[in-house]
Number of protein chains: 2
Amino acid sequence: MCVIVTTFSRIGTSPAPGSRRITITDVARTAGVSIAVVSYALNGRPGVSDRTRRHVLRTAADLGWRPSAAARSLRSVPRSVSVQAVGVAAAARTTAVALGLRAALDDAEATPATDVVVDVAPDHDVGARDLEHAWTERRHGAFVVTGLHRDDPRTRLVADHGVPLVPLVPQQRGGMLGTAPGSVPGLVWFSGDAEERAARYLRELGHRRVALLVQDGHDDPSRLLLDALAGAGDGAHVVTEEIVYRTEEDAAARAARLLATANRPTAVVADGDVALLAVLEAARQRGLEVPWDLSVLALEDSPACRLVHPPATAVARSWAELGAAAAVLVRPLLGGQPPRDDDDDAPAAAARLVIRGSTAPVPA
Amino acid sequence: MCVIVTTFSRIGTSPAPGSRRITITDVARTAGVSIAVVSYALNGRPGVSDRTRRHVLRTAADLGWRPSAAARSLRSVPRSVSVQAVGVAAAARTTAVALGLRAALDDAEATPATDVVVDVAPDHDVGARDLEHAWTERRHGAFVVTGLHRDDPRTRLVADHGVPLVPLVPQQRGGMLGTAPGSVPGLVWFSGDAEERAARYLRELGHRRVALLVQDGHDDPSRLLLDALAGAGDGAHVVTEEIVYRTEEDAAARAARLLATANRPTAVVADGDVALLAVLEAARQRGLEVPWDLSVLALEDSPACRLVHPPATAVARSWAELGAAAAVLVRPLLGGQPPRDDDDDAPAAAARLVIRGSTAPVPA
DNA sequence: TTGTAAGCGTTATCAC
DNA sequence: GTGATAACGCTTACAA
């Protein structure tokens, strides 16, 4: 990034702590050119002879020059991206997005390196405030958000403050967000119809009473699933029930209560590891054997899905892949260009249904 | 933060996207004072009359002024902290640290708000490079790291580049890091002797063959536990075995193999959710009943520990609390002061052993 | 108590 | 192709 540092001249040359920064002025003086030339050379801009450019690059590397993020941001769009995580529950997902994004951005031969950071907010409202502040303070050049839901306070930011938002939505296009009034430009979404396939799969297995166990305040690919379950096809009516939990204790309690009801669901959809484990434990307590007495389907694949018994059928979304796809939208924003408006070729990552052992036909 | 914005005058006044930033110059002009006065007033510095200060604050709020992070960082230490997460596995923990830290930093009446971000690196080496770059580019004022292990490349950064590091170590003081050659100043650690208590507990239950299932490349509170298990007390010798896994598949395979051995351990210590679930499933497969046939102890409490059956005995560390404790060391760094050297009153958070149903005496 | 002005390290616009 | 030089928004001596 920035400069391919031929580091041999710096071996053991630990810059005395507290010593003055090395600036392009130093590089210019050492190289015997003006700072303008150094700037051009360092940024790979035309207008410098190749000889000079090489010389400058060499000098900068020898001196151990590194750009000052602050000075740079003072004039142009900051070369950093913030990915927002709302709540600890979203940590793993957001981390994956950040890793995918940084890998994709690094790929580019683009000289100036970009920094990808995660902003972690306790809830959606604080998250919205975070974004507004970070943007008005010009801390980052682009803001990636996940877990947008209908009426998410963060949606308004793009209209109200012009925040360069890149929303990642866990659903295929045409979902609620694409058509909502506060529609946001520059969406990135998952391709494929994993939720619909999951719904069809459950229907085909004969399930007619399905419950969803979802965490409070979370985005709802669950809604897509509900719609798909309800939206007939073969005419058979599916009774659905959405159960919202807050803590894992709560999840356990609700799962237990759910399975204790007279006509309990024949299938339960869990929105994450917590819900999954809660359902499995509730089933065990009541002596229900998964999948024969109860089918369980997870809406987010994870190591836990693969480790529990039986391994859980799950919708697998590669958040890292989605983060990488987001790079296409992030890059122009960092270049100071306006967000793309043509949804048509919005980048996407594939979501798919992974069938494992936790789902089976309804017992006869 | 910064200013208590009496927002009534901004209702509906969405600053036209693309409009020029509001700077202290604007505030100064509107308020009819010089920019120096505005700066002093805004930063709560002495040298401004109360009347003027209120007037300036009021004007800034009315105008919707927000500081420019870049311009500020250009002269002083950036008012932002980076918390580094190495790998997705550390995501939840790091997120908790960040939340705790930001809560603690917000608490302070300190006028200038601080931004806490998470830097997520795929591995320790990239993490070290990240830190070096972020520091030489002066992106943040302080860097919090967790999961330091012996010979961690990041340890050298403080000596080599003067990086203002605040390491969080998951052990009580006097552990390996405190005495290692590359000793780092300004540690924050957990108080209490949870690992030793865990070891003592297992010994008291009669366990003499204990295995540890730990992820590759992770920090080792496990080592503390091993030492404590080995370090006698009652003379009885405890045979320990450390098993390192990489992926969750690997964990499952190794757990299965471990329990299939002739004289399998009577207790297994898992370093996280993945290891815990792997062991539980391996036990189930072999028809071993936890805790009667096998005791399981987790080295990191989590929702999963509370949801599995039986609920897992675990060492509970409040990473959020530790993050909050770190604020004490972070604050002076953001003020441009040198790191504290007196380990003596290093802040700490409590780690404790939570005994649940997954551990029991060795069968007679 | 307030104002003026010199930086901070870049980028960008000019002349040369 | 290259070199001065003016921004960028803020902090901080120092002068008034």
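As the structure is a prediction and not an experimental result, all values here were calculated from the model. Just the heavy atoms: all of them, side chains too, but no hydrogens, waters or symmetry mates, feed the values below.
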Taking side chain as C-beta onward, heavy atoms only, is B/Q84 less than 4.5 Å from B/D119?
yes

Protein-proximity profile, nucleotides 6-16 of chain C, B/S/- by nucleotide at the 4.0 Å heavy-atom cutoff, equals -BBBBBBB---

Lys/Arg N to Asp/Glu carboxylate O, A/D50 vs A/R54, below 4.0 Å:
yes

Among all residues two or more places apart in sequence or in another chain, which pass the salt bridge (charged side-chain N to carboxylate O under 4.0 Å, His left out) test with B/R45?
none

Report yes if the side chains of B/L57 and B/L42 come closer than 4.5 Å at any heavy-atom pair, otherwise no.
yes

Should the pair B/R102-A/D130 be classified as a salt bridge under the 4.0 Å nitrogen-to-oxygen rule?
yes

Do you know which two heavy atoms are closest between B/A96 and A/V88, and how far apart they sit?
N-CG1, 4.1 Å

Which is the 5'-most and which the 3'-most nucleotide of DNA chain D that has an atom under 4.0 Å from a heavy atom of chain A?
D/dG1 to D/dG9

Is the backbone N or O of A/H133 less than 3.5 Å from a side-chain atom of A/T136, with the two atoms forming a donor-acceptor pair by type?
yes

Between B/S80 and B/R139, is there a donor-acceptor pair closer than 3.5 Å when you use the side chain of the first and the backbone of the second?
yes

Contact class for A/S73 vs. all strands (heavy atom < 4.0 Å): base, sugar-phosphate, or nothing?
nothing

